Structure formats: structure tokens, C-alpha cells
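Input: a single structure, listed below in C-alpha cells.
Keep in mind the model is a prediction, meaning the values are calculated, not measured. Numbers restart at 1 for each chain; the letters A, B, ... are given by sequence-line order, proteins then strands.
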2 protein chains.
Amino acid sequence: MSRKRDDDSNTNCAVEASLGVIGGRWKGVVLYWLLKGTHRFGELRKRLPNCSQRMLTLQLRELEEDGLVKRTVYAQVPPRVEYELTAFGRSLEPVLIGLRDWGEKYKRRLQRTG
Amino acid sequence: MSRKRDDDSNTNCAVEASLGVIGGRWKGVVLYWLLKGTHRFGELRKRLPNCSQRMLTLQLRELEEDGLVKRTVYAQVPPRVEYELTAFGRSLEPVLIGLRDWGEKYKRRLQRTG
DNA sequence: CGGGATCCTTAACGATACTG
DNA sequence: CAGTATCGTTAAGGATCCCG
């Protein structure tokens with residue numbers, strides 16, 4: 001995964017930079033769930049039934065690389081891996097809440113408009 | 001353009017719905033410029049030098065379809081087409097500002113971290 | 001000027017199988 | 001359990017040409 005969109009360095013606009021980081025297909029939802037607390041990999045999978053295991057792994061790796069998510073591996077069998085937001089990741093909270101609230105409006109609008 | 005991501009109806013999370021609408025490659029930036037006022041097609045092109053004409057057209061069509069942008073064609077030669085936010089589109093302003101501000105933080109962080 | 005139509009390349013994504 | 005590897009498909013996007 002080359003992340004063409006993210007590593008595009010000429011993001012003249014900061015909005016573009018943000019969306020490059022959180023705009024991935026599942027990243028917003030993952031971050032939103034992590035806002036509620038630490039999750040194991042399998043727990044996240046249940047939260048995102050439409051996201052394949054492969055994609056979830058990839059998205060988590062990118063979020064980790066961007067410093068939003070911390071990954072902790074417990075050396076035990078069977079393996080246990082936990083994901084949580086970093087402080088920088090938590091700084092996204094107001095934005096995520098804003099996205100969620102606007103999303104609600106949009107969905108209500110869709111129902112009216114058809 | 002089938003907009004696989006957008007018309008996916010099982011968006012259980014509202015964050016996902018929002019990102020489906022504004023998460024397109026250039027949509028955030030387009031919306032951000034339109035916040036500043038009405039723009040002609042050619043003006044938007046100058047604002048987004050890395051976006052091809054084809055892509056700009058497609059993204060604008062989708063934003064129009066989602067009710068965020070209004071397109072006005074003036075019957076004259078050469079043609080003049082103007083784009084502006086609808087009231088619903090303007091309701092995204094706080095979210096866009098939030099994305100911009102967080103994007104600034106992210107870019108500053110990138111410079112420190114390398 | 002503001003597109004649309006077409007063709008082609010590349011990136012994104014899914015399915016499946018395998019593993020410590 | 002939490003992945004990785006591989007393969008195949010689909011969607012996104014670029015280049016070019018044409019048009020009123």
C-alpha cells in the first residue's frame with residue numbers, strides 16, 4: 001500500500017492534509033471507536049463487519065505510522081493485541097464528533113429527500 | 001464513477017457517512033475554497049493545480065448531487081459556470097475549519113518528527 | 001470556457017489460504 | 001488470535017481528443 005494520497009507532499013491546503021490522514025475507507029470509524037476506549041483487534045473487527053481483516057490491519061498500520069494509534073502486543077498464546085489512541089490521536093476528538101454530528105444530519109436529510 | 005464508498009448503504013456509523021460525502025480526493029479542498037465564496041470552474045482549477053479537469057468536474061458533480069454545492073450555468077459565449085455552497089453545504093463550515101486546524105497541527109508535527 | 005467521451009494505467013480492495 | 005502472503009478483481013484516476 002503506497003498511500004498515494006497521504007504521502008503527496010504538495011498538500012497546499014491543511015484540509016487536504018487532514019483528510020489524507022483520516023480519510024481512509026475505515027479510518028474515521030476506527031478512530032471513533034477508539035475514542036471510546038482501548039480495543040483488541042478482534043473487537044474492532046466486530047465493530048466493522050464490512051471491513052475485511054486485511055483492510056483493518058492496513059488501516060491500523062497507517063494510523064499507527066501517523067502517530068494517532070498505539071499498538072500493544074502482549075506476549076502470550078493466543079496472541080493479544082490492543083489498540084488505543086495516542087494523545088495526538090485524541091486531539092482529533094472534536095473533529096470526529098463534528099463529523100459524526102454532521103453525518104447524522106446528512107442521513108436524516110437523505111431520508112427526507114429520498 | 002459509481003461511488004462505491006458513498007452509496008454504501010450500511011454506514012452504521014455517522015462518521016463513515018460524513019467521510020463518504022467529503023472524503024473524496026479533492027472534495028475537502030473544493031468545499032474549503034467555496035467557503036470563501038462563489039467560484040467559476042476555471043478559478044477552482046487554479047486553486048487545485050494537482051487536480052485534473054476531469055476529476056474536478058467529477059468531484060463537483062458528486063458534491064452537487066449530495067446537495068452541498070449549487071451549479072449555475074450562464075447562457076453566454078464563452079460559457080460561464082459558477083459554483084457556490086448551498087445552505088446545507090455551509091453547515092459543514094465548523095467541520096471544515098476543524099479539519100483545517102487539525103491539519104495545521106499535523107503538518108507542524110511532521111516537520112518536528114521528520 | 002467548461003466540459004464530455006474514450007482509452008489506458010495504477011491503486012484500492014476482497015477472497016482465500018497459511019502461520020506462530 | 002492476530003495477523004501475513006498471494007492472487008485476482010474493481011474502482012479511481014490520468015491523458016488525450018473532441019465539442020458547443
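When the C1' atom of D:dC1 is taken as reference, atom CZ of A:Arg80 falls 11 Å away, rounded to whole Å. Taking atom CG on A:Asn50 and atom P on C:dA12, their separation rounds to 20 Å, with Å as the unit. For the pair B:Arg40 CZ and C:dG2 C1', the computed distance is 9 Å after rounding to whole Å. Taking atom CD of B:Gln59 as the reference point, atom C1' of D:dG14 lies 14 Å away to the nearest angstrom. Counting to the nearest Å, the C1' atom of C:dC13 and the CG atom of A:Leu48 are 15 Å from each other. Regarding B:Gln76, its CD atom lies at a distance of 10 Å from the C1' atom of C:dC1, rounded to whole Å. Rounded to whole angstrom, the span from the NE2 atom of A:His39 across to the P atom of D:dC1 amounts to 16 Å. Rounded to an integer number of Å, the gap from A:Leu58 CG to D:dG3 P is 11 Å.
Taking only side-chain atoms of B:Arg61, from C-beta outward, the nucleotide of C:dG4, C:dG2, D:dC1 with the closest atom is C:dG4. In this structure, of C:dG4, D:dG13, C:dC13, it is C:dC13 that holds the atom nearest to the side chain of A:Met55. Relative to the side chain of B:Arg25, the nucleotides D:dG13, C:dG2, D:dA2 differ in distance, and D:dG13 lies closest. The side chain of A:Thr57 sits closest to D:dT4 out of C:dG3, C:dC1, D:dT4. In the set D:dC1, D:dG3, C:dG2, the nucleotide with an atom closest to the side chain of A:Phe41 is D:dG3.
Screening residues 80-102 of chain A for side chain to side chain donor-acceptor pair (under 3.5 Å) gives A:Tyr32-A:Arg100, A:Arg61-A:Tyr83, A:Arg71-A:Tyr83, A:Tyr74-A:Glu82, A:Arg80-A:Glu82, A:Ser91-B:Trp102, A:Ser91-B:Lys105, A:Trp102-B:Ser91 as the qualifying pairs, with residues at least two apart or on separate chains. Listed by first and then second residue, the side chain to side chain donor-acceptor pair (under 3.5 Å) pairs involving residues 35-44 of chain B amount to none (not counting sequence neighbours).
OP1 or OP2 of C:dT16 has not a single side-chain nitrogen or oxygen of A:Arg54 nearer than 4.0 Å. Regarding contacts with the backbone of C:dC13, every side-chain N or O of A:Ser52 stays at 4.0 angstrom or more from both OP1 and OP2. For D:dA2, neither phosphate oxygen OP1 nor OP2 lies less than 4.0 angstrom from any side-chain nitrogen or oxygen of A:Arg71.
Each of A:Cys51 and B:Glu82 was assigned the nucleotide of DNA chain C with the nearest heavy atom; the assignment lying further toward the 5' end belongs to B:Glu82.
Counting non-hydrogen atoms under 4.0 angstrom, B:Arg45 reaches nothing in the nucleic acid. Within 4.0 Å (heavy atoms only), A:Tyr83 reaches sugar-phosphate atoms of the nucleic acid but no base atom.
Side-chain atoms of B:Glu16 never come within 3.5 Å of backbone atoms of A:Val29 as a donor-acceptor pair (strictly under, hydrogens ignored).
The two residues B:Val30 and B:Leu60 make their nearest non-hydrogen contact at CG1-CD2, 3.8 Å.
Ion pairing between a basic and an acidic side chain is recognised when a charged N comes within 4.0 Å of a carboxylate O; B:Lys27 and B:Glu62 show such pairing.
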